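Worth saying up front: this structure is predicted, and the values here are computed from it rather than measured.
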Amino acid sequence: MTDPDSTYNAGASVPPRVPIEEYAVIGDTETAALISRAGSLDWLCIPRFDSPSCFSALLGTPEHGRWLIGPVGEARSTRAYRGSSCILETVHETDTGRVRVTDLMPLGDGRADIVRVVEGLEGEVEMQHEWIVRFTYGKVRPWVSHHPGHERDDEVIVAIAGPDMLLLRGQRLPVASDGHHRDQWTVRAGDRVQFSLSWFASWKEVPPPLDIPSRIEATYQKSADWAARCTYDGPYRDAVVRSLLILRLLTDTRRGGIVAAATTSLPEDFGGERNWDYRYCWLRDASLTLEALLAVGYVGATKLWRDWLVRALAGDPEDMQIMYAVDGGRELPERELAHLPGYADSRPVRVGNGAVDQKQTDVLGEVMIALENARGQGLKETSQSWAVQRALVEDLVKHWDEPDNGLWEIRGPLRHFTHSRVMVWAAFDRAIRAVEHHGYEGPVDRWREVRDAVRQEILDKGFDRAKNTFTQHYDTTEVDASLLLIPLVGFLPADDPRVRGTVAAVENDLMRDGLLLRYRTESGVDGLSGDEHPFLACSFWLVAAYAVTGELEKARELMDRLVGLANDVGLLAEEYDPKEQRMVGNYPQAFSHLTLINAAVHLAQAEAAARAGADDDR
């Protein structure tokens with residue numbers, strides 16, 4: 001893991017180039033905030049993941065909004081989550097003493113709050129507090145007023161702009177100066193200072209103050225109870241549980257949507273244009289998240305998302321989108337925020353996502369796999385949920401052979417991507433199972449006929465016999481990391497020579513410094529300038545592919561390395577730069593964490609089977 005012991009000058013302004021891995025995340029399963037090791041909360045969209053941000057220093061400067069609570073001057077800072085929770089505890093040690101800052105967003109109370117508690121542990125530490133609110137992605141400076149406390153309330157500062165209001169409470173609050181609020185004070189051993197930030201609609205009554213100690217305890221217990229339901233007890237269990245907690249944090253438990261990441265526009269290529277908004281619910285990513293949760297015992301989460309899916313997809317099957325807002329909304333227009341300089345000068349900063357209108361034929365396959373897995377674990381379909389699935393599969397009968405943008409949202413010409421065709425096969429295959437194994441109604445003979453035709457086309461047009469490998473699409477000899485999913489979804493058995501040839505070709509062509517690229521960007525297939533770094537989910541797919549093909553030593557070696565790339569609190573971004581040894585892309589990334597879980601499960605199963613086989617040979 002990344003070295004957790006680093007020295008910072010917390011008294012300096014936190015620059016926009018704080019390494020991505022130096023952030024931790026807290027959340028309340030409706031939104032999330034990123035906090036640097038130095039104690040600067042640099043990103044918060046509130047009250048929802050896809051709301052405009054009110055602290056945006058991550059993509060700009062402190063002037064675009066941040067909330068800093070940290071020591072003055074240099075400090076040795078270490079941090080960890082409390083047990084199986086997302087309660088962050090950071091200990092700052094200076095030459096004069098030690099102080100602990102506890103950060104969290106309380107769970108389960110229907111509010112949008114952040115709690116920060118400062119406790120003196122030893123000696124004394126000079127602390128600073130800076131609160132700069134800028135609504136609408138750092139653009140709108142609010143009207144801010146300071147009020148004395150009343151009744152059981154502490155002092156309060158109110159920031160208001162249009163529909164949004166933030167209320168800062170605490171025993172001592174920063175003082176206004178030129179649009180900023182700043183304070184500096186000495187924390188001694190035994191001192192405890194509590195702060196809370198609450199968002200609420202500006203036309204509503206001010207919510208009452210939190211009982212902070214009880215909310216911390218309730219949040220911890222709720223998280224610990226949820227994590228205890230994990231049935232996985234194999235290798236890398238700590239990393240699996242942390243990944244589960246991150247996936248839960250990225251799930252909107254009020255509405256049911258599962259976002260791909262908590263951020264927008266963290267670049268795939270520093271200084272380049274590959275900057276996208278991931279604060280939405282991709283049907284594919286959400287389905288893969290459910291597969292990971294189901295693999296380790298979480299059936300209830302599937303019902304929440306399935307019900308969200310039925311609402312989101314209500315209407316004509318031809319209107320199905322690849323992604324939605326967390327509440328199922330369809331309008332996600334992409335636009336650029338010219339007032340933000342971007343992380344590491346990476347522009348443009350984008351909100352919304354133009355890929356919403358893309359055709360990605362693989363999506364339904366992922367949805368059907370996840371829901372079939374849920375049926376296999378006892379989740380009963382409602383008449384409406386099965387009717388929606390059946391309608392989508394029937395619509396796929398008419399359109400399955402059309403070219404698409406593929407898994408990676410290629411912004412170049414439409415292609416017949418092999419992975420997309422494999423997932424079309426999977427969609428029909430799981431629909432057939434729903435009829436034959438679970439008794440639901442559907443035109444199974446027609447579905448079987450189409451499934452078999454899809455399979456034959458893939459074998460005829462998506463496989464390069466000369467190289468003994470499947471190809472990225474029908475018109476190329478290039479490979480793609482998504483081809484590693486062929487044995488994992490059951491299209492071909494793992495011991496098929498064509499599978500082994502494909503794993504070898506992906507490993508040979510896409511491995512960079514021991515990690516996998518998605519594809520070779522120099523082929524020009526994606527229609528974008530610049531390059532990108534190894535995509536962590538692809539390397540986790542390779543672990544699973546190694547495991548099912550019996551290359552257990554390779555699987556263990558790669559898994560060890562990948563788990564070791566997580567930062568000191570167990571978080572992963574989308575990509576990793578092995579040369580600079582830093583994380584790249586939006587963060588924390590659901591795709592990376594869900595593939596970690598699935599890789600661990602596949603590896604544990606393969607090692608157990610190998611041990612059983614060895615025992616049988618004795």
Side-chain angles (χ1 to χ4, degrees), residues 10 24 26-28 33 35-36 38-41 44 46 54-55 66-72 75 77 79-83 85-92 97-133 144 146-159 165-176 181-200 206-223:
I26 59 173
D28 62 1
I35 304 175
S36 75
S40 185
L41 196 160
L44 174 65
I46 200 165
C54 59
F55 298 123
R66 72 162 178 176
W67 185 12
L68 168 67
I69 298 178
V72 175
S77 303
R79 61 190 177 174
Y81 288 117
R82 182 184 299 181
S85 78
C86 289
I87 299 173
L88 181 68
E89 297 180 328
T90 304
V91 175
H92 302 289
R98 291 191 307 127
V99 65
R100 177 170 58 219
V101 179
T102 300
D103 296 305
L104 71 147
M105 298 187 74
L107 294 175
D109 57 8
R111 295 176 45 150
D113 301 299
I114 294 177
V115 169
R116 310 192 74 178
V117 180
V118 181
E119 299 172 278
L121 301 178
E122 181 182 319
E124 59 182 43
V125 177
E126 197 72 11
M127 296 288 287
Q128 62 177 335
H129 187 180
E130 182 177 62
W131 194 68
I132 306 172
V133 177
V144 182
H146 196 139
H147 303 278
H150 59 86
E151 297 181 357
R152 66 186 184 95
D153 210 348
D154 296 320
E155 294 183 81
V156 297
I157 300 176
V158 176
M165 184 179 289
L166 288 178
L167 187 73
L168 178 64
R169 290 180 165 105
Q171 290 108 316
R172 59 174 297 146
L173 294 178
V175 178
H181 282 73
R182 295 189 176 96
D183 185 29
Q184 187 168 316
W185 84 104
T186 301
V187 176
R188 297 177 175 83
D191 288 353
R192 178 184 173 94
V193 184
Q194 301 179 149
F195 303 95
S196 67
L197 176 72
S198 302
W199 174 93
F200 56 100
V206 173
L210 294 169
D211 181 345
I212 288 177
S214 69
R215 293 309 307 147
I216 293 175
E217 179 58 31
T219 296
Y220 174 77
Q221 197 58 53
K222 195 176 184 71
S223 294

Can you confirm whether [X] sits close enough to [Y] that some side-chain heavy atom of one is under 4.5 Å from a side-chain heavy atom of the other?
X      : Y      : value
Pro174 : Ile157 : yes
Ile87  : Thr102 : yes
Arg169 : Ser198 : yes

Does Val133 form a side chain to side chain contact (heavy atoms under 4.5 Å, CB included) with Phe55? I'd like the steps, not just the answer. CA-CA 6 Å; Val133 177; Phe55 298 123; 3.9 Å; yes
[atom1] of [X] to [atom2] of [Y]: how many Å apart, nearest 0.5 Å?
X      : Y      : atom1 : atom2 : value
Ile114 : Leu210 : CD1   : CG    : 11.5 Å
Ser36  : Arg79  : OG    : CZ    : 8.0 Å
His92  : Met127 : NE2   : CE    : 5.5 Å
Asp113 : Asp28  : CG    : CG    : 8.0 Å
Ser85  : Ile26  : OG    : CD1   : 11.0 Å
Leu168 : Leu166 : CG    : CG    : 9.0 Å

Search all heavy atoms of [X] against all heavy atoms of [Y] and return the closest pair with its distance.
X      : Y      : result
Gln128 : Pro71  : NE2-O, 3.8 Å
Trp185 : His129 : CZ3-CB, 3.9 Å
Asp191 : Thr186 : OD2-O, 4.1 Å
Ala33  : Leu44  : CB-CD1, 3.9 Å
Gly170 : Phe195 : CA-CD2, 4.0 Å
Ala159 : Val144 : CB-CG2, 4.0 Å

May I have the step-by-step check of side chain to side chain contact (heavy atoms under 4.5 Å, CB included) for Ile216 and Val117, ending in yes or no? CA-CA 10 Å; Ile216 293 175; Val117 180; 4.1 Å; yes
Any donor-acceptor pair under 3.5 Å from Arg116 side chain to Gly39 backbone: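 It does hold such a pair.
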Is a side-chain donor or acceptor of Arg215 paired with a backbone partner of Leu107 at a separation under 3.5 angstrom?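 The answer is yes, because a donor-acceptor pair under 3.5 Å joins these two groups.
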Once side chain to side chain donor-acceptor pair (under 3.5 Å) is applied, do any residues pair with Arg100, and if so which ones, sequence neighbours excluded?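 Glu119.
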Does either side chain, that of Arg192 or that of Gln194, offer a donor lying less than 3.5 Å from an acceptor on the other one?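 Judged by distance alone, the side chains do pair up.
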Between Trp131 and Leu197, is the side chain to side chain contact (heavy atoms under 4.5 Å, CB included) condition met? List the steps. CA-CA 11 Å; Trp131 194 68; Leu197 176 72; 3.7 Å; yes
